[in-house]
Amino acid sequence: MSDPIQLGLVGLGTIARNQHLPSLEDVPALRLAAIASRHAGHETLPSYHDVVEMLAKEPGLQAVSLCTPPQGRFAQAVAAINAGKHVMLEKPPGASVSEVEGLARLAREKGVTLFATWHSREAAAVEDARALLAEATIRRAKITWKEDVRHWHPGQEWIWQPGGLGVFDPGINALSILTRILPEPVHPVAAHLEVPENKQAPIAAKLDMQTASGAPVQAEFDWRQTGPQTWDILVETDGPDILLREGGAKLFVGGEERISAEDREYRRLYARFAELIAAGESDVDLSPLQLVADAFLLGAQTRVEAFHDDP
Ligand code: NAP
């Protein structure tokens, strides 16, 4: 077996600690060698203030994984790509569609891999749902994605700022699954965004879409749900209904549970990153980000009650 790819990780926050660090330990093709984070250091690995310092002091790095918020990720990715490193991007891959298209061009010019990840597409039941829907006629689909922002994003300011996506930060996970499992493309026809009067980004949104052949697809996103959390996608077809629950971890076909499996999303992402690097390829699918951008373009806005972390 060849030597593991030396990887630097940028942005030691919630997702880096909860998923990236433990998952990397299980992927032998990659070796985490350094960290860059302005306010946090790793217990044992060399830690730097930012990606530029890390790249200067760790010339042996071959790849960089960006776990920072979408705003600011473009400059970090440019620095890494220009230094000849392969780059993996957390979702959403950027704060705008065109900046990520620019990164993809730059990566091609420099001959490095760019991987725009969609972790929810790696949920256990997503590929089975895709296979079941491949030959089906879609009658309608409904996304219901409702969670408690205070529980999942305590104190995070960037999610409420321009480019932070608001409730589309989790909602884009549903859209990443939808665009993977449906056998035809979808486009938004109307959107309604509810924006707290003290914030820049929506706390709830409704999105009406259509498949290319005209079947309606509705999505409801809400960050105000306390109690049980809901991450469901229901697809009605000419055959049995296909229902993904718990963010794609569970699959029901015609009401019967077919799959329920443990979470291996980030292990699969890192294994795929190593495969892409070995093959000299990139994987940059912007369709989920494009749908969110279109929702902002089409969205009628209502100002709603101010949001505070402490209710
Ligand atoms: P987070 O807890 O705020 O962590 C992000 C880290 O990035 C911070 O700890 C910060 O570390 C660094 N950073 C660099 N520039 C920053 C800036 N301008 N503002 C704030 N932090 C900055 O965020 P997160 O929840 O890990 O999310 C990061 C990315 O992962 C997002 O794109 C998000 O959509 C995605 N994601 C999150 C989750 C989740 O459940 N939280 C799940 C899947 C994906 P320093 O201050 O030390 O530099």
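As the structure lists them, so they are numbered: ligands from 1, and atoms in each ligand from 1.
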Got more than 12 heavy atoms from elsewhere within 6.0 Å of CZ, R264?
no
Taking the ring centre of each residue, are W145 and W223 less than 6.0 Å apart?
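Ring-ring flag for W145/W223: false, centres at least 6.0 Å apart.
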Protein residues that have a heavy atom under 4.0 Å from any atom of ligand 1, sorted by chain and number
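Residue list for ligand 1: G11, L12, G13, T14, I15, S37, R38, H39, A40, C67, T68, P69, P70, R73, E90, K91, P92, H119, Q156, W158, D169, Y266.
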Could you tell me if S37 and Y48 have a donor-acceptor pair between their side chains, going purely by distance under 3.5 Å?
no
Should the pair F168 and F296 be assigned to parallel (<30°), tilted (30 to 60°) or perpendicular (>60°) ring geometry?
tilted
Trace of the side-chain hydrogen bond (donor to acceptor under 3.5 Å, both in side chains) decision for Y270 with S65:
CA-CA 9 Å; Y270 274 111; S65 179; 2.7 Å; yes
With side-chain hydrogen bond (donor to acceptor under 3.5 Å, both in side chains) as the criterion, how do H187 and Q290 come out once you've worked through the C-alpha distance, each side chain's angles and the decisive distance to 0.1 Å?
CA-CA 9 Å; H187 65 273; Q290 183 66 63; over 6 Å; no
